[in-house]
Amino acid sequence: MTHIYLDNQATTPVDPRVLDAMLPFFKEDFGNAASRTHSFGWAAEGAVDRAREQIAELIHADAREIIFTSGATESDNLAIKGVAALRRDRGGHFITQVTEHHAVLDSCKALQRRGFDVTVLPVDPYGQVEPAAVSDAIREDTLLVSIMAANNEIGTMQPLDEIGAVCGERKVLFHCDAAQAVGKLTIDVQALGIDMLSISAHKLYGPKGVGALYVRSRPRVRLVAEIDGGGHERGMRSGTLNVPGIVGMGAACELAGAEMAAEGARLRGLRERLKTRLFDNVDDIHLNGHPEKRLDGNLNVSFEGADGESLMVGLEEIALSSGSACTSASLEPSYVLRALGVPNRLAESSIRFGIGRFNTEAEIDRAAGRVIEEVGRLRDISPYSGPKKRKS
Ligand SMILES: *Cc1c(COP(=O)(O)O)cnc(C)c1O
């Protein structure tokens, strides 16, 4: 039996059309985009410029506001530490929230060690931050608010427009980790009042190891670079550009922009189909995250009495995740689910289904059938005493 990939929040396959766009830049067009003295360099530079425009267009920015990085982790680090570094030893205050990716949370922790204050806001049981709580947390010395667009584990979308409005009124910078959202949801940095936005190519059917940070130019957001060197990317990020990766990211963004509406509707259909199958056939099943304000391709559920790790072992032919991939090396229950108030017992029995562009209805049906079967089997052999199947 062929394997089914349902872990599209961890990473997505490269779209074949994206790969086609990249290939020439590994072969004949291998030039360094910084080489000004010959046509090899000009070809690479032209391709990078085009990608910058494709990415900028998707988020309603200007091409000059895109800084290429190695991914959203680096973009998050640059946005947060880059603002802090301007302050030297004068300190200041940062605001974030508890279900952020580790790239944001750990960057904030690093700042705390350097003497900055950090407020980590709580979320409601669906995983949303209250915009009024952001407003209440803002102080005289607040430099930056960092709130993600959509969560990688539970898919919950944050009220970015309201948070952006609060930040705009109070004149603090607003950074958004949109690794899960760009190419899936309409993200307009102008309308949302976002000053910096982190993007990752491999979450939207582009290659791994490339990303971008949008940095507003009007009014100009000032940052200190994390990586010094040849002064690439207007001094914000030195290092020879990953031209094939950048070309792939640009192509992925253009495709996503063109296909987003239709693809979103299709993914939502598949997600609801999976959800209905599971909820109709398994008792004591709980949805984690927001019932509506969530990524179209995300379903996160807990099966009472069926350990998530054991489930995944039993479902070896289906690529799933429990908790986030970044922390699945440890057997700690997910910090995201804990922040929602999900009891440990249920957090440990949670599974994330990440449906993507290349999944089919037949795969969803096969996966649902196997999950239903496996939950039943685990409950039969475990001390779980609740109802096993509604329909026998
Ligand atoms: C994947 C992800 C990241 C990290 O992105 P990389 O490009 O893999 O470094 C950061 N934030 C969120 C929300 C993510 O989903």
Side-chain angles (χ1 to χ4, degrees), residues 8-10 12 58-60 72 75-76 95-101 103-105 120-135 145-168 174-200 203-204 214 253 256-257 260-272 274-275 287-301 321 324 334-337 339-342 350 352-357:
N8 285 277
Q9 266 96 61
T12 55
L58 184 61
I59 61 167
H60 300 256
S75 300
D76 289 344
I95 298 171
T96 186
Q97 61 89 21
V98 64
T99 70
E100 289 293 313
H101 192 274
V104 166
L105 291 176
V120 182
L121 295 171
V123 290
D124 69 15
Y126 294 138
Q128 286 196 309
V129 176
E130 181 58 59
V134 175
S135 178
V145 171
S146 181
I147 304 283
M148 70 198 330
N151 184 269
N152 42 301
E153 287 189 40
I154 51 174
T156 297
M157 286 146 43
Q158 296 295 349
L160 294 186
D161 49 350
E162 290 171 73
I163 295 167
V166 166
C167 293
F174 179 24
H175 165 250
C176 178
D177 176 345
Q180 293 289 343
V182 170
K184 322 278 168 65
L185 313 169
T186 304
I187 298 281
D188 179 334
V189 292
Q190 303 306 335
L192 296 170
I194 292 169
D195 296 302
M196 291 187 282
L197 185 94
S198 300
I199 314 175
S200 176
K203 303 286 174 72
L204 71 151
Y214 155 79
C253 284
M260 192 187 303
E263 182 166 315
R266 194 186 78 91
L267 293 182
R268 208 151 50 241
L270 291 178
R271 198 261 317 277
E272 289 307 308
L274 175 62
K275 186 175 157 200
L287 178 71
N288 298 313
H290 201 287
E292 288 113 36
K293 292 189 167 55
R294 69 189 304 139
L295 292 170
D296 293 318
N298 176 278
L299 183 68
N300 189 313
V301 289
S321 146
S324 76
S334 146
Y335 72 94
V336 172
L337 295 180
L340 268 55
V342 174
S350 76
R352 176 183 72 183
F353 299 87
I355 307 166
R357 183 175 291 170

Looking at Asn300 and Arg294, what are the two nearest heavy atoms and their distance? N-NH2, 3.4 Å

What is the minimum heavy-atom distance between Tyr126 and Gly289, and which atoms define it? CD2-O, 3.6 Å

To the nearest 0.5 Å, atom NE2 of His60 lies from atom OH of Tyr214 at 11.5 Å

Considering all heavy atoms of both residues, which atom of Asn152 and which atom of Arg352 are nearest to each other, and what is their separation? O-NH1, 2.6 Å

Minimum heavy-atom separation for Val123 to Val129, with atom names? CG1-CG2, 3.9 Å

I need the minimum non-hydrogen distance between Asn298 and Arg271, along with the two atoms involved. O-NH1, 3.2 Å

Does any part of the side chain of Val301, heavy atoms only, come nearer than 4.5 Å to the side chain of Phe353, both counted from C-beta? yes

Report the residues that fulfil salt bridge (charged side-chain N to carboxylate O under 4.0 Å, His left out) with Glu162, sequence neighbours left out, ordered by chain and then residue number. none

If I compare all heavy atoms of Gly127 with all of Ile154, which pair ends up nearest, and what's the gap? CA-CD1, 4.2 Å

Roughly how far, to the nearest 0.5 Å, is CE of Met148 from CG of Asp177? 5.0 Å

Is there a side-chain contact between Cys176 and Leu160 (heavy atoms, below 4.5 Å)? yes

Pairwise side-chain contact, Leu299 with Glu272, heavy-atom cut-off 4.5 Å (strictly under): no

Side-chain heavy atoms of Leu197 within contact of Val182, under 4.5 Å: yes

Counting C-beta onward and ignoring hydrogens, is there a side-chain heavy-atom pair between Leu204 and Cys253 closer than 4.5 Å? yes

Distance, nearest 0.5 Å, that separates CG of Asn151 from OG1 of Thr99: 4.5 Å

NZ of Lys203 to NZ of Lys184, rounded to nearest 0.5 Å, is 8.0 Å

Examine the side chains of Thr156 and Gln158 and answer whether a donor and an acceptor come within less than 3.5 Å of each other. no

Just verifying a value: how many Å separate Leu58 CG and Ile187 CD1, rounded to the nearest 0.5 Å? 9.0 Å

Mind checking the CD-CD spacing from Gln97 to Gln128? Nearest 0.5 Å is all I need. 10.5 Å

Hits for side-chain contact (heavy atoms from CB on, under 4.5 Å) against Thr186, two or more places apart or cross-chain, chain-then-number order -> Met260

Within the distance-only criterion (no hydrogens, no angle test), does the side chain of Asp195 pair as donor or acceptor with the backbone N or O of His175 below 3.5 angstrom? no

Between the side chains of Glu153 and Ser334, is a donor N or O closer than 3.5 angstrom to an acceptor N or O? yes

Is there side-chain contact between Met157 and His290, with at least one heavy-atom pair below 4.5 Å? no

